[in-house]
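Here the structure comes first, spelled out in structure tokens, and everything after it is commentary.
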Amino acid sequence: MPDTLRQILASESALSSITLRGWVRTRRDSKACSFIELTDGSCFKGLQVVIDASLPCYSLMSKILTGASVEVDGDLIASPAQGQKWELQAKEVRLLGEADGTYPLQKKGHTPEFLRTIAHLRPRTNLFGSVFRVRSKMAFAVHRFFQEQGFFYAHTPIITSSDCEGAGEMFRVTTLKQGAPAKPEEDFFGRPTYLTVSGQLQGEAFACAMGNIYTFGPTFRAENSNTARHAAEFWMIEPEMAFCDLQADMTLAEENVRYLVKAMMTECPDELEFFNKFVDKELTNRLQQTLDKPFERISYTDAVDLLLKSGRSFEHPVVWGEGLQTEHERYIAEEHVKGPVTIYNYPKSIKPFYMRQNDDGKTVAAMDLLVPGIGEIIGGSQREERLDLLTEAMAKQGLDEETYRWYVDLRRYGSVPHAGYGMGFERLLMFVTGVSNIRDVIPFARTPGNAAY
RNA sequence: UCCUGAGUAGCUCAGCGGUAGAGCGGGUGGCUGUUAACCACUAGGUCGUAGGUUCGAUCCCUACCUCAGGAGCCA
């Protein structure tokens, strides 16, 4: 593989006769030379290439505009001017691919909204190049976090017939012709199938065999959600631990977030600096505090009390037994705690059948981890491991016993206490980059009415 | 899906009941080891779409489309 800018810029000393390839970010002309700002996406920084007017290739300069791809031979020398440590003194420049005046990316700033309309070109910008380098680093850090603790990576199915109750609307998967009357038994799988909304149920089967497992893969929700933090296709991380209760579940979730914040700060310093300067001026502070301050935990009941005593008038009334509204969660995370906070033990009436009933008979061992600015980043629970209580809850919520027969089997044969959670990968990325719209941390975002590219 | 706001040049925006303007980007010329370079000139727009009101609509009204922000749903 040829050298990348990242490798070259790490050099301690001048280098002679190197070759670099990349894209022209901008070009400036002087009397005796031309300056190209070259980037290749391998790192945040670019390199200034100096082309002397006496070079035969200088005639190419009129065609080398912003966006063009070039290959440059030259020497890496200490830059005599302010602004950069190194520069590349060109000996030969080859124009690989022209980009004319219609190239949409200019030297000046673009809005994220406009860049969304050119999703195929936006990774060439500082912002999106940074986001997607971070995305790669974070994905790897997710695996490292679990692998270091002996978790097994389980590939749960993308196509599934089980609805993880409460997770939302599902996309139907079928080979039946549209409009033709047909029974589900005639479909490809002989039953109705969907794109997964969660790997949890299958994850439980593996946890109840291999101990600690996690999934990390695409997840699909057909909800007509139009918000800055929902997507129809996103990636979710779902650990599931056998012999684990809610306390240990919450502890792992907190450590998980911390580990990834730490990875961001140590592995992506250039990107962090950029985000802090141009995206969110509080980002570095917030991430540092996340590492320094222990996460708070508040029970749902205490959270309701706290909201009632806050003296705040909320648009939605605070009532025990109702779900916490966004404004309530924001108040708790952003004003009361001013940092990440886990709310646990929710009323059982608002939570799905698989969550473990607490001894009070009113609540279940559920938890949500909230972070300032985004809200829920993790949702999890201890699972109901007691056969009678599980089937009772299923009946109450009107679920078809046959569909969940295999799931109930996990309680019928060698049942153990177990717990897990789901972490939204994109929401985590929003948290560590400061980027406020989920569409801007997904390479090609799928949202209602939008699947171009 | 609901509420609010916005759609004017490639981009960011200004404007106004009498058929459009700036900055950046493009082109041309000049200047300069330049740093979102600078200076001058120049090209570029059925003012989101469809109706309506009016002598006349980019501007006012209606519907629709798209986008953004907020809400619900959740990761």
Side-chain angles (χ1 to χ4, degrees), chain A residues 25-37 46-53 62 65-67 79-84 87 89 99-118 121 125-126 164-169 196-200 215-238 253 278 314-316 323-327 329-330 350-352 368-371 374-380 421-431 436-442 447-450 452:
Chain A
R25 190 51 75 72
T26 166
R27 203 190 85 238
R28 299 176 288 270
D29 291 323
S30 183
K31 186 175 193 176
C33 57
S34 190
F35 300 89
I36 290 175
E37 194 68 29
L47 181 65
Q48 172 164 282
V49 180
V50 186
I51 303 101
D52 199 276
S62 63
L65 303 173
T66 299
S79 179
Q82 295 286 311
Q84 59 280 316
E87 66 184 32
Q89 187 69 52
D100 67 15
T102 64
Y103 185 64
L105 295 172
Q106 297 164 17
K107 299 177 192 183
K108 286 213 170 187
H110 291 288
T111 60
E113 292 78 19
F114 167 67
L115 294 170
R116 264 173 231 155
T117 68
I118 47 168
L121 295 173
T125 63
N126 276 339
C164 195
E165 193 60 24
E169 291 296 310
T196 183
V197 290
S198 167
Q200 181 201 316
T215 74
F216 183 13
T219 308
F220 308 88
R221 306 270 167 97
E223 291 293 336
N224 189 13
S225 292
N226 286 290
T227 79
R229 56 191 186 284
H230 288 87
E233 176 181 315
F234 63 99
W235 282 58
M236 187 154 66
I237 297 136
E238 296 183 286
F278 293 107
F314 295 104
E315 199 181 318
H316 303 267
L324 296 176
Q325 302 294 315
T326 294
E327 57 174 339
E329 294 185 344
R330 287 185 73 115
I350 58 170
K351 290 292 183 184
D368 284 350
L369 198 162
L370 315 176
V371 295
I374 294 157
E376 185 177 349
I377 198 169
I378 286 175
Y421 59 81
M423 174 161 73
F425 185 52
E426 284 78 11
R427 290 192 183 171
L428 183 272
L429 289 174
M430 291 166 73
F431 184 60
S436 59
N437 195 308
I438 198 166
R439 299 171 183 96
D440 297 334
V441 297
I442 302 180
T447 50
N450 197 345

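Note that these values count all heavy atoms, side chains included, but never hydrogens, waters or copies made by symmetry. Each chain gets a letter, A, B and so on, in the order the sequences are listed, and its residues count up from 1. Because the structure is a prediction, the values reported are computed rather than measured.
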Without swapping roles, check the side chain of [X] against the backbone of [Y] for a donor-acceptor pair under 3.5 Å.
{"X": "A/Arg427", "Y": "A/Arg229", "value": "yes"}
{"X": "A/Glu426", "Y": "A/Phe234", "value": "no"}
{"X": "A/Glu233", "Y": "A/Phe220", "value": "no"}
{"X": "A/Glu329", "Y": "A/Glu327", "value": "no"}
{"X": "A/Arg221", "Y": "A/Ala231", "value": "no"}

Residue met sooner reading RNA chain B from 5', once A/Arg116 and A/Arg427 are mapped to nucleotides: A/Arg116
5' precedence on RNA chain B between A/Thr326 and A/Pro448 (nearest-nucleotide basis):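 Its nearest nucleotide being more 5', the pick is A/Pro448.
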Tabulate atom names and distances for all N/O pairs under 3.5 angstrom spanning the protein and nucleotides 38-49 of chain B.
none

Using the [atom1] atom on both, measure [N] against [M] and round to a whole Å.
{"N": "B/G15", "M": "B/A22", "atom1": "P", "result": "15 Å"}
{"N": "B/G7", "M": "B/G48", "atom1": "P", "result": "8 Å"}
{"N": "B/U58", "M": "B/A9", "atom1": "P", "result": "15 Å"}
{"N": "B/A43", "M": "B/U4", "atom1": "C1'", "result": "40 Å"}
{"N": "B/G23", "M": "B/C59", "atom1": "C1'", "result": "24 Å"}
{"N": "B/A63", "M": "B/A6", "atom1": "P", "result": "15 Å"}
{"N": "B/G44", "M": "B/G10", "atom1": "C1'", "result": "9 Å"}
{"N": "B/A20", "M": "B/G45", "atom1": "C1'", "result": "8 Å"}

Any side-chain N or O of [X] less than 4.0 Å from the OP1 or OP2 oxygen of [N]?
{"X": "A/Thr111", "N": "B/U12", "answer": "yes"}
{"X": "A/Arg28", "N": "B/A37", "answer": "yes"}
{"X": "A/Ser30", "N": "B/U34", "answer": "no"}

For the side chain of [X], counting heavy atoms from C-beta on, which of [options] is nearest?
{"X": "A/Lys107", "options": "B/C73, B/G69, B/A36", "result": "B/A36"}
{"X": "A/Gln106", "options": "B/G33, B/U1, B/G10", "result": "B/G10"}
{"X": "A/Phe114", "options": "B/U12, B/C74, B/G33", "result": "B/U12"}

Report yes if a donor N or O on one partner sits less than 3.5 Å from an acceptor N or O on the other, where the partners are the side chain of [X] and the base of [N]; otherwise report no.
{"X": "A/Asp29", "N": "B/U34", "value": "no"}
{"X": "A/Glu87", "N": "B/G33", "value": "yes"}
{"X": "A/Ser225", "N": "B/C74", "value": "no"}
{"X": "A/Arg221", "N": "B/A75", "value": "yes"}
{"X": "A/Gln325", "N": "B/G72", "value": "no"}
{"X": "A/Gln84", "N": "B/U35", "value": "yes"}
{"X": "A/Gln48", "N": "B/U34", "value": "yes"}

Between atom [atom1] of [X] and atom [atom2] of [Y], what is the distance when rounded to the nearest 0.5 Å?
{"X": "A/Ile377", "Y": "A/Phe431", "atom1": "CD1", "atom2": "CZ", "answer": "6.5 Å"}
{"X": "A/Ser62", "Y": "A/Arg27", "atom1": "OG", "atom2": "CZ", "answer": "7.5 Å"}
{"X": "A/Leu105", "Y": "A/Leu115", "atom1": "CG", "atom2": "CG", "answer": "6.5 Å"}
{"X": "A/Leu324", "Y": "A/Phe314", "atom1": "CG", "atom2": "CZ", "answer": "10.0 Å"}
{"X": "A/Ile51", "Y": "A/Ser30", "atom1": "CD1", "atom2": "OG", "answer": "11.5 Å"}

Hey, does [X] reach any base, or is it just sugar-phosphate, or nothing, if we go heavy atoms under 4.0 Å?
{"X": "A/Ile237", "result": "nothing"}
{"X": "A/Ala32", "result": "nothing"}
{"X": "A/Thr26", "result": "sugar-phosphate"}
{"X": "A/Met423", "result": "nothing"}
{"X": "A/Gly375", "result": "nothing"}

Round to a whole Å and report the spacing from [atom1] of [X] to [atom2] of [N].
{"X": "A/His110", "N": "B/C11", "atom1": "NE2", "atom2": "C1'", "answer": "6 Å"}
{"X": "A/Leu65", "N": "B/G25", "atom1": "CG", "atom2": "P", "answer": "12 Å"}
{"X": "A/Arg229", "N": "B/G70", "atom1": "CZ", "atom2": "C1'", "answer": "9 Å"}
{"X": "A/Leu105", "N": "B/G25", "atom1": "CG", "atom2": "C1'", "answer": "11 Å"}
{"X": "A/Asn226", "N": "B/U4", "atom1": "CG", "atom2": "P", "answer": "16 Å"}
{"X": "A/Arg27", "N": "B/U32", "atom1": "CZ", "atom2": "P", "answer": "17 Å"}
{"X": "A/Glu315", "N": "B/U4", "atom1": "CD", "atom2": "C1'", "answer": "12 Å"}
{"X": "A/Met430", "N": "B/C74", "atom1": "CE", "atom2": "C1'", "answer": "13 Å"}

Residue that, paired with A/Arg116, satisfies side chain to side chain contact (heavy atoms under 4.5 Å, CB included) out of A/Asn437, A/Thr447, A/Asn450: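 Per the side chain to side chain contact (heavy atoms under 4.5 Å, CB included) rule, the option paired with A/Arg116 is A/Asn437, out of A/Asn437, A/Thr447, A/Asn450.
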Flag side-chain contact, heavy atom, 4.5 Å: A/Ile237 against A/Ile378: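 The answer is no; the side chains never approach within 4.5 Å.
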Centroid under 5.5 Å and tilt under 30°, A/Phe234 to B/A75: yes
Contiguous pairing runs of three or more, Watson-Crick or G-U under 3.5 Å, that involve RNA chain B: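 Consecutive-pair runs (3 or more) involving RNA chain B: B:1-7 with B:65-71, B:10-13 with B:21-24, B:26-30 with B:38-42, B:48-52 with B:60-64.
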Heavy-atom pair with the smallest gap, counting every atom of A/Leu47 and A/Glu87: CD1-CA, 3.9 Å
